[in-house]
Amino acid sequence: MYGTVRHEIRIQRPAADVWALAGDAERLCDWFPGIVSSAVDGTLRTIVTASGIPMPEEILACDDTQRRFQYRLTMPVFKHHRGTIDVIDLHDDTTLVVYSTEADPRAMALVIGGGTAGALRELKRQMELTTEGAL
Amino acid sequence: MGRKILFITTDQQRYDTLGCNGGTIARTPVVDALAAQGVRYERLHPQSVVCMPSRSTMITGQHVSTHGVWMNGVPLPEDAPSVAEVLHDAGYRTAIIGKPHFEPFLDPFARFAENTFAGNGTFGPHRGFEHFESATHGAAGPLHYARWLLATHPEAVGMFYPVLDGSLEVNAMGGGDTGAPQAWVNNIPKEWYHTDWVADRTISWLDSLAADDDWFCWMSFPDPHHPWDPPASEVARIDWREVPLPAGYIENQAERERVLDNKPKHWRAWYDGRVVSNYEAPLSWVPASLTADQIRETTALNAVECELIDEAIGRVLQHLRAKGCDDDLDIVFTTDHGELGGDFGLLFKGPYHVDGLMRLPLIWRPAPSSRAGAESGTTVTRPVGHLDLAPTFCTIAGVEIPHWMEGKPLPIDDTDADARGFERVLTEWDSELFGVGVHLRTITRDGFVCTTYLPGTAHDGTEGELYDLNDDPLQRVNRWDDPALAALRSDLIADLWDHQPPMQLPLRGVEAPV
């Protein structure tokens with residue numbers, strides 16, 4: 001059964017700055033609590049969680065124009081997964097970041113989605129720590 | 001030197017599973033003896049009928065709306081108030097051993113401290129507990145029991161029932177002799193099962209203390225929560241074929257369904273398998289398929305688990321007596337919520353505020369050296385709540401009750417209860433799961449249980465339930481729309497909202513299914 005979870009957060013930084021971090025596939029481990037490493041090889045990204053679980057992913061989109069990053073977890077437990085990070089310019093030097101998770105089984109949408117909520121909080125914390133330049 | 005506190009909890013244990021509460025299936029002589037020496041409460045209600053909110057109430061002494069753990073999967077913040085911290089600050093040694101569940105279990109990112117200690121080889125500190133040693137219903141996951149079993153008896157890890165299925169939903173797979181959901185033959189030796197492990201680890205921690213230490217130990221058994229998979233060597237204690245059906249089960253199907261139809265419609269919708277509103281019941285299991293024999297078998301397995309807990313408690317108490325600790329020892333026994341157990345043809349739990357889930361066992365055996373003014377063998381009939389536990393522990397320890405606790409120290413008899421205003425107890429349910437929302441507020445007062453429904457997926461906010469516990473102890477006749485009780489209903493609802501704290505907003509996020 002299919003489930004979706006969406007979290008969003010407003011960050012007091014221009015969208016280009018936020019995208020410089022959130023759109024960098026290799027730096028996910030810098031702002032996603034509980035991910036200790038993220039290695040990219042072409043369209044394959046492998047993250048390792050703090051509990052020691054390696055999770056292979058396929059990068060589906062990394063669109064600098066739309067500021068959209070999209071990927072799917074390819075572990076067998078997932079019949080379907082799609083993670084989408086949208087970095088939206090609010091045209092007032094602030095940014096809305098939306099992190100969506102679709103998954104089958106649906107319970108995984110909650111499990112992964114719970115992690116994304118923490119990730120957005122950490123992204124905001126880091127981005128608002130400094131107002132000068134991209135991190 | 002002050003009084004020591006042994007706080008014993010189980011998980012999902014019905015009121016009627018104890019001999020002292022009239023139970024006839026499980027033999028529970030140890031807890032029965034505590035009741036005979038102390039105070040037995042006949043109307044303890046939880047503030048939530050699922051684990052995480054209920055356990056958060058126990059540790060904070062707060063209503064669910066105040067501590068904000070409004071459904072399973074919402075973590076209690078690490079800096080939330082804690083009675084363990086209060087006692088520790090007062091010089092008490094503190095431990096929790098067994099099932100904590102203040103934070104979600106399903107945690108691949110290891111974001112929650114509860115799930116990190118065992119992997120790190122540490123035991124806290126956390127939430128005021130200087131020793132935090134954890135277990136849950138099986139051998140899966142990152143908790144201390146699972147790590148211990150994997151390290152010492154790896155062949156036993158696969159013997160437990162798989163609590164979740166391949167879709168990470170609560171498993172509906174049947175087992176045992178009748179194919180009952182979550183019934184299972186577990187070939188693990190009794191000595192390796194988590195009930196004995198909790199007792200063993202409790203004894204070990206107690207032995208690490210100095211003789212003049214004051215201590216607060218929360219011994220938290222994961223059973224008799226499903227799965228019903230006690231060690232196979234113990235199953236023959238109770239022949240399920242001889243087990244009577246529970247009084248709450250209506251054998252006649254047409255009558256059972258008529259009773260369900262007289263309740264708000266999510267009752268019948270779940271029974272028919274059309275709506276599963278919460279994660280705590282198997283998604284693919286249809287309660288209407290439940291047979292009388294399956295109820296007998298799950299009841300028997302549940303009773304075996306209750307017996308094992310009773311014996312484990314007895315072992316800990318014997319150890320404490322041998323150490324000379326008993327005279328200054330207060331013992332409190334309870335559970336976090338109940339189990340439908342075949343009532344109305346249902347198993348497990350959910351948004352159903354009736355006695356199977358809400359009426360819980362509670363025993364307080366005050367320290368013999370103090371008695372706390374209580375007479376042996378006292379029964380309290382007035383309503384009390386889990387939120388009264390934390391203030392009780394403070395009073396036992398001689399510590400001022402913090403302003404943030406919303407309960408009162410437990411009464412020692414009905415006269416004390418009346419004098420201190422134990423008139424009502426409140427219970428809340430909120431769940432929002434994949435587009436299905438259910439919201440209930442319940443008051444129990446003057447022998448009535450009254451539940452009002454807030455708007456949700458299956459409810460428009462006008463529904464309710466009203467039961468007269470004296471005339472209808474099995475809550476079969478919903479009198480919400482009875483004109484003869486209209487004034488009483490209005491009074492109860494007004495009283496509920498007068499005492500129900502507002503929900504902390506914004507709602508905290510659901511970070512896992514459980």
Side-chain angles (χ1 to χ4, degrees), chain A residues 1-10 28-38 46-57 73 75-81 83 98-125, chain B residues 52 69 71-75 77-78 103-120 140-143 146-147 150 162-172 273 275-276 278-284 431-436 506-514:
Chain A
M1 193 174 281
Y2 192 83
T4 66
V5 170
R6 186 190 69 211
H7 295 289
E8 64 277 328
I9 204 161
R10 188 171 183 175
L28 182 68
C29 59
D30 290 346
W31 58 277
F32 197 122
I35 293 179
V36 295
S37 71
S38 43
T46 302
I47 62 168
V48 178
T49 72
S51 59
I53 303 171
M55 292 184 168
E57 300 172 333
L73 285 153
M75 300 161 76
V77 69
F78 290 96
K79 294 177 188 156
H80 169 80
H81 171 263
V98 181
Y99 203 146
S100 307
T101 305
E102 309 166 8
D104 181 2
R106 64 177 193 168
M108 289 306 292
L110 282 177
V111 172
I112 302 295
T116 67
L120 287 180
R121 289 192 293 269
E122 176 61 14
L123 181 66
K124 177 180 173 70
R125 189 192 69 79
Chain B
M52 292 181 68
V69 181
M71 67 177 278
N72 272 346
V74 178
E78 286 203 27
E103 297 154 32
F105 283 139
L106 293 178
D107 181 20
F109 301 111
R111 295 185 302 126
F112 302 110
E114 271 183 22
N115 302 319
T116 62
F117 297 131
N120 296 336
L143 304 185
R147 300 275 174 157
L150 181 63
V163 176
L164 302 180
D165 63 18
S167 295
L168 297 182
E169 297 288 345
V170 173
N171 208 332
V275 173
V276 181
N278 54 296
Y279 185 78
E280 291 77 18
L283 181 65
S284 59
S431 58
E432 291 284 349
L433 191 67
F434 299 120
V436 179
L507 285 179
R508 283 206 291 278
V510 180
E511 306 216 10
V514 69

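Numbers restart at 1 for each chain; the letters A, B, ... are given by sequence-line order, proteins then strands. Heavy-atom basis, side chains included; hydrogens, waters and symmetry copies ignored.
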Among Gly118(A), Gly114(A), Pro105(A), which residue forms the greatest number of heavy-atom pairs with chain B at distances under 4.5 Å?
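Of Gly118(A), Gly114(A), Pro105(A), Gly114(A) has the most heavy-atom pairs under 4.5 Å with chain B.
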
Name the option with the most non-hydrogen atom pairs under 4.5 Å to chain B; the candidates are Gly34(A), Gly113(A), Gly3(A).
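Answer, by heavy-atom pair count under 4.5 Å with chain B: Gly34(A).
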
Crowding at CE, Met75(A) (>12 non-hydrogen neighbours, <6.0 Å):
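Counting neighbours around CE of Met75(A), more than 12 heavy atoms of other residues, nucleotides or ligands fall under 6.0 Å, so yes.
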
Chain A heavy atoms under 4.5 Å from Pro142(B): which part of the residue, side chain, backbone, both or neither?
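Neither part.
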
Go through the atoms of Leu433(B) and report whether side chain, backbone, both or neither lie under 4.5 Å from a heavy atom of chain A.
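Side chain only.
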
Checking Phe78(A) against chain B: side chain, backbone, both or neither under 4.5 Å from a heavy atom?
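Answer is neither: Phe78(A) stays 4.5 Å or more from chain B.
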
Region of Thr4(A) in contact with chain B, defined by heavy-atom distances below 4.5 Å
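Contact with chain B involves the backbone of Thr4(A) alone.
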
For the pair Phe32(A) and Phe109(B), name the ring-plane relationship: parallel under 30°, tilted 30 to 60°, perpendicular over 60°.
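Phe32(A) and Phe109(B): tilted rings.
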
Among the options Asp107(B), Leu168(B), Leu164(B), pick out the one with the most heavy-atom pairs lying under 4.5 Å from chain A.
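Top count of heavy-atom pairs under 4.5 Å with chain A: Leu168(B).
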
Specify which of Pro108(B), Gly435(B), Gly119(B), Ala110(B) makes the most heavy-atom pairs with chain A at under 4.5 Å.
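Of Pro108(B), Gly435(B), Gly119(B), Ala110(B), Pro108(B) has the most heavy-atom pairs under 4.5 Å with chain A.
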
If we only count heavy atoms from C-beta on, is the Glu122(A) to Asp30(A) side-chain gap below 4.5 Å?
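The answer is no; the side chains never approach within 4.5 Å.
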
Identified side chain to side chain contact (heavy atoms under 4.5 Å, CB included) counterpart of Ser167(B) within the set Lys79(A), Met1(A), Arg106(A)
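So, applying the side chain to side chain contact (heavy atoms under 4.5 Å, CB included) to Ser167(B) and each of Lys79(A), Met1(A), Arg106(A), only Lys79(A) qualifies.
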
Answer yes or no: is there an ion pair linking Glu511(B) with Arg121(A), defined by an N-O contact shorter than 4.0 Å?
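Looking at Glu511(B) and Arg121(A), the cut-off is met.
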
Between Asn72(B) (side chain) and Met52(B) (backbone), is there a donor-acceptor pair under 3.5 Å?
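Yes; judged by distance alone, with no hydrogens or angles, the pair exists.
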
